[in-house]
Protein chains: 2
Amino acid sequence: MTRPAAPRRASIADVARAAGVSVGTVSNVLNRPDRVLPGTRERVEAAIAELSFVRNGSARQLRAGTITTIGAIVLDIANPFFTDVARGIEERLDRDDFTLMVASSDDDPGREQRYLRLFEEHGVQGIIVVPATDDIEHLQAVRRRGTGVVLLDRPSPDPGISSVAVDDVRGGELAAQHLLEQGHTRIAFLNGPHTIRQCADRHEGVVKALAAVGLDPEQALTEITVTSLNAEGGEAAIRGLLESGDQPTAVFCVNDLVALGVLRTLRTENIAVPTDMAVVGYDDVAFAAELSTPLTSVRQPTHELGVRAADLLLTAPDTAEHVMFQPTLVVRTSSARP
Amino acid sequence: MTRPAAPRRASIADVARAAGVSVGTVSNVLNRPDRVLPGTRERVEAAIAELSFVRNGSARQLRAGTITTIGAIVLDIANPFFTDVARGIEERLDRDDFTLMVASSDDDPGREQRYLRLFEEHGVQGIIVVPATDDIEHLQAVRRRGTGVVLLDRPSPDPGISSVAVDDVRGGELAAQHLLEQGHTRIAFLNGPHTIRQCADRHEGVVKALAAVGLDPEQALTEITVTSLNAEGGEAAIRGLLESGDQPTAVFCVNDLVALGVLRTLRTENIAVPTDMAVVGYDDVAFAAELSTPLTSVRQPTHELGVRAADLLLTAPDTAEHVMFQPTLVVRTSSARP
DNA sequence: GCTACATTATGAACCGTTTCAGGGCGGGCA
DNA sequence: TGCCCGCCCTGAAACGGTTCATAATGTAGC
């Protein structure tokens, strides 16, 4: 089945010719139908249907300048945390008849740049981005050129750029404090690379909690870097840890997907949770409470995060605001005292 | 912090003026740098940096015509099934340096249309769509106008439109067969509306399995329509069922999120799974195996689905192909014989 | 020294819209 | 009757790039 030799899409001029009117009139039918006599309008509409005319968005935008779309760049589209945030964004945008385009950078600064450029070149009203690196120079540049930018899930180091984040230092602290209270003194932290700010912050929080009770992080904490922040990554990391012979009594995971991989592995290795090993996750995703060992997790207000980020872009595109939400700890079986 | 009175973004003409060359030369630096003398190129590049010039994507596309982006419209961006598919699409596109934009229709035909138009007007190379309705007239129209269309997760009723799907009739049949083999003769099916083809098909499969063992669907099957296909929807549906007094011994859920809601509710209501009630889900998402009662589920090759859909768009945009994958049943505790 | 040709830069045409000044026309009012 | 006004419609300019025929310049060959 070959395409019928793509005969160039019909343009407004074709429609005008077919309807026996001028291009201006066709444009009016499209944009201000009330300014056109019903009879004329019908003829134009018939021609549009006849030629199956579709507006050329590029030309339209080139001339008109505006577009009611905003873009979001997240780290991993398969992570429930980000998709929950995306739902929040969508919900808010819907109220203003804006549309959302989501792209996933996969932690790759190159991909982030590519999508950033794509969005900017196409003139979106604003971009909500979870930066893949600590360096936001390129984001500041985008902002300077006039496109709205909101940093998501990470406090802005630049007061001129808005951000909507959750206190990750506090999140790390909450988790560690809790584990310490349960009597653990040897904790493994399956964390992402510190180039991701959230990871660095959570680590800082953990260290803070240890210091508060007089523990030396060098002794009490083993940090393991998980390369892919999903179940497979968690599985690989915990296996590495088990094989190393280093045996902490608790594992704190940088997100619930990683924790899922850990739980899965511990079960196949017959290591009982929480008796032999306590586990704490992060994000409190929907399924955390329903796991074979219900997972203790740090909850973030994901939906709110998205709503707020979209709100900043829509209502105050020229103002920079910094919103910081507080995480809470949801304690479940996976970290009960042995 | 007000924006510095948005002084109109620099255009290629501004760059040309600043560099003392013609617009054609600037365009060449941008697109065929090898055709420009190194000295000239450097001057132009300096001017670009100086003015922080960003190409206007609309103008570029208007004239040049092509764009290496494809769009995907899924039913629910928060459903792991769709995001797993999206990862597959991304992976394939990456190989050809294409970019993916994802939008979520939320089961709403109006939103689907909106995004479809947005994508088409902006001239994407192709659109991968999970149709929200049975009527694909509007998709056929898009295809006729020359944009590639691939139906995802739903066999194409039109041989001219490609599709990549999983046999949903078979999926429903597998689940029902299994429950029948476990001795259940009263089954509840928490299904989505039949306007969603997948739901209608799975229902057909269930009926087929019942008929094969001589059971009357009128007697053996209670179908309940879940309005939102997530954990909350599942929770509401199963509560409704429990209150109705109608007591089947098994529940088949249209996806794992719904099943999650069901498991959660049954636990709070102290109904033991699988002893008092067997549960089967659909999609076999990552966490299905790790739930408090590991969930029996119908597995679909999500990643492959995405890769294949993208592949069709990239390698044979003018050919229609119909790919049908087969689902498999993964049996776990939630449906063990009482 | 002249021609032929390669290399680099130019500038205008063009893509398909929106927008806006202006033209034709009929009706209301003095 | 003449004038003004409002309503519809027209046609061309403008948006910001890419592309291509052409010009200008340098280089090689005879």
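Order of the sequence lines sets the chain letters (A, B, ...), proteins ahead of strands, with each chain counted from 1. Bear in mind that the values here come from a model prediction, so they are computed numbers and not experimental data.
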Non-hydrogen atoms of Leu151(B) and Ser156(B) that approach each other most closely:
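Distance-wise, the nearest heavy atoms are CD2-CA, 3.8 Å.
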
Examine the base of dC14(C) for any acceptor or donor lying under 3.5 Å from a partner atom in the side chain of Arg63(B), and report the outcome as yes or no.
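Looking at the base of dC14(C), it does pair with a donor or acceptor on the side chain of Arg63(B) (distance under 3.5 Å).
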
For Val36(A), which contact category applies under a 4.0 Å heavy-atom criterion: base, sugar-phosphate, or nothing?
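Since only primed, P, OP1 and OP2 atoms lie under 4.0 Å of Val36(A), the category is sugar-phosphate.
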
With heavy atoms under 4.0 Å as the rule, sort Ser27(B) into base, sugar-phosphate or nothing.
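Answer is base: heavy atoms of Ser27(B) come under 4.0 Å of a base.
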
Closest to the [X] side chain, choosing from [options]:
X: Val21(A); options: dT10(D), dT18(D), dC8(D); value: dT10(D)
X: Ser11(B); options: dC9(D), dG17(D), dC15(C); value: dG17(D)
X: Asn56(B); options: dG17(D), dT10(D), dC9(D); value: dG17(D)

Are side-chain N/O atoms of [X] and [Y] paired as donor and acceptor at under 3.5 Å?
X: Ser27(A); Y: Asn31(A); result: yes
X: Asn56(A); Y: Glu121(B); result: no
X: His122(B); Y: Gln61(A); result: yes

Output the rounded distance in Å from [atom1] ([X]) to [atom2] ([N]).
X: Leu62(B); N: dT18(C); atom1: CG; atom2: P; result: 12 Å
X: Arg55(B); N: dT18(D); atom1: CZ; atom2: C1'; result: 10 Å
X: Gln61(A); N: dG17(D); atom1: CD; atom2: C1'; result: 13 Å
X: Arg41(A); N: dC9(D); atom1: CZ; atom2: P; result: 10 Å
X: Arg43(A); N: dT10(D); atom1: CZ; atom2: P; result: 8 Å
X: Asp14(A); N: dT17(C); atom1: CG; atom2: C1'; result: 13 Å
X: Leu37(B); N: dG26(D); atom1: CG; atom2: C1'; result: 11 Å
X: Ile12(A); N: dA12(D); atom1: CD1; atom2: P; result: 16 Å

Would you say [N] has OP1 or OP2 under 4.0 Å from some side-chain N or O of [X]?
X: Ser22(B); N: dT10(C); answer: yes
X: Thr25(B); N: dA9(C); answer: no
X: Thr40(B); N: dA9(C); answer: yes
X: Arg32(B); N: dT18(D); answer: no
X: Arg60(B); N: dT18(D); answer: yes

Start with the C-alpha gap between Arg87(A) and Asp76(B), add the side-chain angles, then the distance that decides, and say whether salt bridge (charged side-chain N to carboxylate O under 4.0 Å, His left out) holds.
CA-CA 9 Å; Arg87(A) 303 273 318 182; Asp76(B) 175 6; 2.8 Å; yes

Using heavy-atom distances to pick each residue's nearest nucleotide on DNA chain C, tell me which of Ala64(B) and Gly24(A) is more 5'.
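Nearest-nucleotide comparison on DNA chain C picks Ala64(B).
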
Pick the nucleotide of DNA chain C nearest each of Asn28(B) and Phe53(A); which residue has the one closer to the 5' end?
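First, find each residue's nearest nucleotide; the 5'-ward one identifies Asn28(B).
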
Arg35(B) atom CZ, neighbour heavy-atom count above 12 within 6.0 Å:
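For Arg35(B), atom CZ is not crowded (no more than 12 foreign heavy atoms under 6.0 Å).
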
